[in-house]
Asks: 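Here's a structure for you.
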Amino acid sequence: MRFNIALLPGDGVGPEVAAEGVKVLKAVGKRLGHEFSFLDGDIGGIAIDKSGVALTRGTMAMCKRCDAVLLGAVGGPKWDDPAANVRPEDGLLGLRKGLKLFANLRPVKVHPSLLDSTTLKPEAIRGVDLMVVRELTGGIYFGRPKKRWQTATGRKAVDSMLYSEMEIERIVRVGFELARTRRKKLVSVDKANVLESSRLWRQIVVEMSANYPDIELQHMLIDACAMRLIQRPADFDVLVTGNMFGDIITDEASMLAGSMGMLPSASLAGVPKTGERIFGMYEPIHGSAPRRAGQNIANPIAQIMSVAMMLRYSLGLVEGADAVEEAVSYALEQGYRTYDIMEEGKNKVGTREMGDIVAKRVS
Ligand code: IPM
Ligand code: MG
């Protein structure tokens, strides 16, 4: 088969890790006899520099014509002025909203050969295999009013954590459905002791749970969840939560896996079901790491594992997804490490070398 992939490398280390994603995808094509065409577009800071906006209409239209989007990272100090009226992040948020990618899947797995390379005790993280389902196109990221203004007594600013029943329902369904394909445990994370939007969230989760008697459901407040994630992370299976809570706990959860450089993500426009292809965007959860850019040192595994998610959810090439995941495990087992997961006695490699090793194993 032939697939069209929108390629948006973005800023900082984005282009470097995206190139390794492409390399691995091509290796999958070779192995399985598929053809991938890449359509390049600008996103984030580079788009601001070229055209004054973080996401052009052309890029958006191009993404809509493709089977999936592969994105590197956006942002950097050059565009970080809080007074600026365009920001690289606007491009990412615009894509998520414009492509209706409401379901963000962020799997966190501790690779056995990295047990000793994290800042946590190996016995605390052994067996961690969880999935955070983050709502991605609503909540405080998009709610109105959202503004800054001047008053007689000083400046004020407001953001609104707004959720509709429809938005909550469709993301919670993703949580329940994914739990069904895994260990059948779902934790719904909210702040229902304080926030009105969280109380609605919890109510809807309870109502929906009647349709999922096979799933063990637990509600957890976001603060307690942040604590549990460090204390007993292996207890979690699927977590479902709103946009900002999901943003925060996935950075936290990435430390269980050793590095931000290990965690992939999928942003989907529908509920993932086996055998169905859903449009999606795939990106590492890490940022553009401007201080690491241009040195061939960034860890490409998050991007490469995002390619595996793309194969699985958007392209229906499960065999390819499995092959990529196996190849990453192989590279780690063979002792290859980028700087962020480096330990004594291991083989330190750069971005391109790690990509080469994985691609070679795939093909
Ligand atoms: C993420 C990032 C983004 C977010 C930023 C870059 C806007 O932190 O994908 O987790 O907050 O969603
Ligand atoms: Mg984040």
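Read the numbers this way: they start at 1 and go in the same order the structure lists the ligands and their atoms.
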Asks: Counting only heavy atoms not in Glu319 (residues, nucleotides, ligands), do more than 12 fall under 6.0 Å from its CD?
Replies: no
Asks: Looking at Tyr336, I'd like to know if the NZ or CZ of Arg361 sits under 6.0 Å from its six-membered ring centre while staying within 45 degrees of the ring's axis.
Replies: no
Asks: Nearest 0.5 angstrom please: Asn4 CG to Glu35 CD, how far?
Replies: 9.5 Å
Asks: Test side chain to side chain donor-acceptor pair (under 3.5 Å) on Arg134 and Asn243 and set out the steps.
Replies: CA-CA 6 Å; Arg134 169 189 175 193; Asn243 205 341; 2.7 Å; yes
Asks: Please name the residue in the list Glu283, Glu135, Glu89 that meets the salt bridge (Lys or Arg N to Asp or Glu O under 4.0 Å) test with Arg96.
Replies: Glu283
Asks: When rounded to the nearest 0.5 angstrom, what is the spacing between CD1 in Ile140 and CE in Met244?
Replies: 4.5 Å
Asks: Using the test ring pair (Phe, Tyr, Trp, His ring centres under 6.0 Å), find all partners of Phe102 that sit at least two apart in sequence or belong to another chain.
Replies: none
Asks: Report the residues that fulfil salt bridge (Lys or Arg N to Asp or Glu O under 4.0 Å) with Asp90, sequence neighbours left out, ordered by chain and then residue number.
Replies: none
Asks: As an exercise, state the distance from CG of Asn193 to CG of Leu221, rounded to the nearest 0.5 Å.
Replies: 4.5 Å
Asks: Can you list every protein residue that has a heavy atom under 4.0 Å from any atom of ligand 1, sorted by chain and residue number?
Replies: Glu89, Leu92, Arg96, Arg106, Arg134, Tyr141, Asp247
Asks: Which residues and atoms, protein N, O or S only, are under 2.8 Å from the Mg ion (ligand 2)?
Replies: Asp247 OD1
